[in-house]
Amino acid sequence: MSLSLSWSIKRVNTKFEFKIARNAFSHYDRLILELRDDQHLAYGEAAPNVRYEAGPEAIIAMLESKKSQILELPIDDAESRQEALEKMFPESYAAQAAIDTLFWDLHAKRQNKPLWQIFGAREDMVISSYTIGISDLSAIPAKIVEAAPYPILKIKLGTDYDHDIIRAIRAETDKVLRVDVNEGWKTIDEAMRGTEWLIEENVEFLEQPMPALQLDDIAKLREFSPIPIVADEDSVRPEDLKGLVGAYDGINIKLMKCGGLTNARKMIELSQKYEFDIMMGCMLETSIGISALAQLGSFARWLDLDGNVLIADDPYLGVGNVGGKIILNDKPGLGVEPR
Ligand SMILES: [Mg+2]
């Protein structure tokens with residue numbers, strides 16, 4: 001059956017400006033891929049993150065030059081496909097993720113099964129958090145109102161007014177908080193002071209408190225901290241995990257970092273081996289990317305799959321999110337369609 005591949009950029013706007021310790025955006029360009037055979041249409045998304053790689057235009061240039069190779073990739077042999085993708089797109093994890101997702105979607109659609117069933121995942125998963133980006137303190141009450149349906153909040157810190165942010169949030173709500181510093185605390189002293197202060201604030205875990213690769217410092221912080229420490233910028237690819245033993249309690253798996261569902265599954269397996277708690281997260285992604293990782297959601301202890309609900313104009317419909325509960329559907333593949 002002959003395949004055809006096409007792509008387009010979709011600009012999505014966020015409900016609020018999305019600001020973290022390194023940058024701020026109010027819209028994102030997402031690269032949507034479509035793969036067709038005679039009967040099926042499969043989807044994939046590249047949401048390249050500026051910390052890790054160039055933007056969608058760079059990926060389009062790569063796709064144009066590699067189109068025929070992509071169409072020859074094996075549909076049913078994910079391992080060798082991933083190996084080929086890593087050679088074809090060594091500089092773009094998002095491109096790898098988009099193409100890997102396309103092929104998994106097609107593979108499942110040809111079997112007429114939801115992908116989560118093929119993965120041996122369960123329908124049921126833990127409640128996802130809802131992210132509160134960095135903002136002026138005056139904007140916090142409105143964000144807490146917007147977050148009303150969500151019982152778990154993930155708070156972005158790593159500013160010089162972190163205490164004020166937490167105080168402003170605690171003035172509005174006593175919900176469970178997860179804190180993501182996005183590498184913002186640069187020294188062990190700063191990290192210890194920040195952690196010590198958060199112990200009293202009902203924080204469930206602390207994500208990437210210090211810059212990636214400062215593993216000796218993070219190991220010291222972990223010994224000191226009663227709050228579990230989760231790697232994000234330090235936990236990019238499957239091969240990173242071994243080096244994180246002793247420094248982190250958990251790892252955050254994201255499709256746009258690891259290169260897709262095939263590697264996400266590998267990271268799940270390695271987490272079991274190295275005894276890491278698994279978190280699954282996302283970039284600001286449409287329902288294509290979020291629905292893709294949700295197919296593995298039941299393997300996670302913590303979920304942060306809120307990218308699509310932070311977007312005001314998501315062009316796709318996929319998994320549901322009701323108060324942070326991610327709802328898979330029984331449609332074949334990712335269960336995604338245009339809105
Ligand atoms: Mg993070």
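All ligand and atom numbering here is 1-based and tracks the order in the structure.
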The Mg ion (ligand 1) to nearest N/O/S of Asp180 less than 2.8 Å: yes

Positive for salt bridge (Lys or Arg N to Asp or Glu O under 4.0 Å) with Arg222, one of Asp216, Asp249, Asp217: Asp249

Nearest heavy-atom neighbours spanning Thr101 and Ala292: CG2-CB, 3.8 Å

Atom name in Asp232, limited to N/O/S, at shortest distance from the Mg ion (ligand 1): OD2

Check: Arg81 side chain, Ile75 main-chain N or O, donor-acceptor pair, under 3.5 Å: yes

Glu207 near the Mg ion (ligand 1): N/O/S under 2.8 Å: yes

Asp306 and Ser128 side chains, donor-acceptor separation under 3.5 Å: no

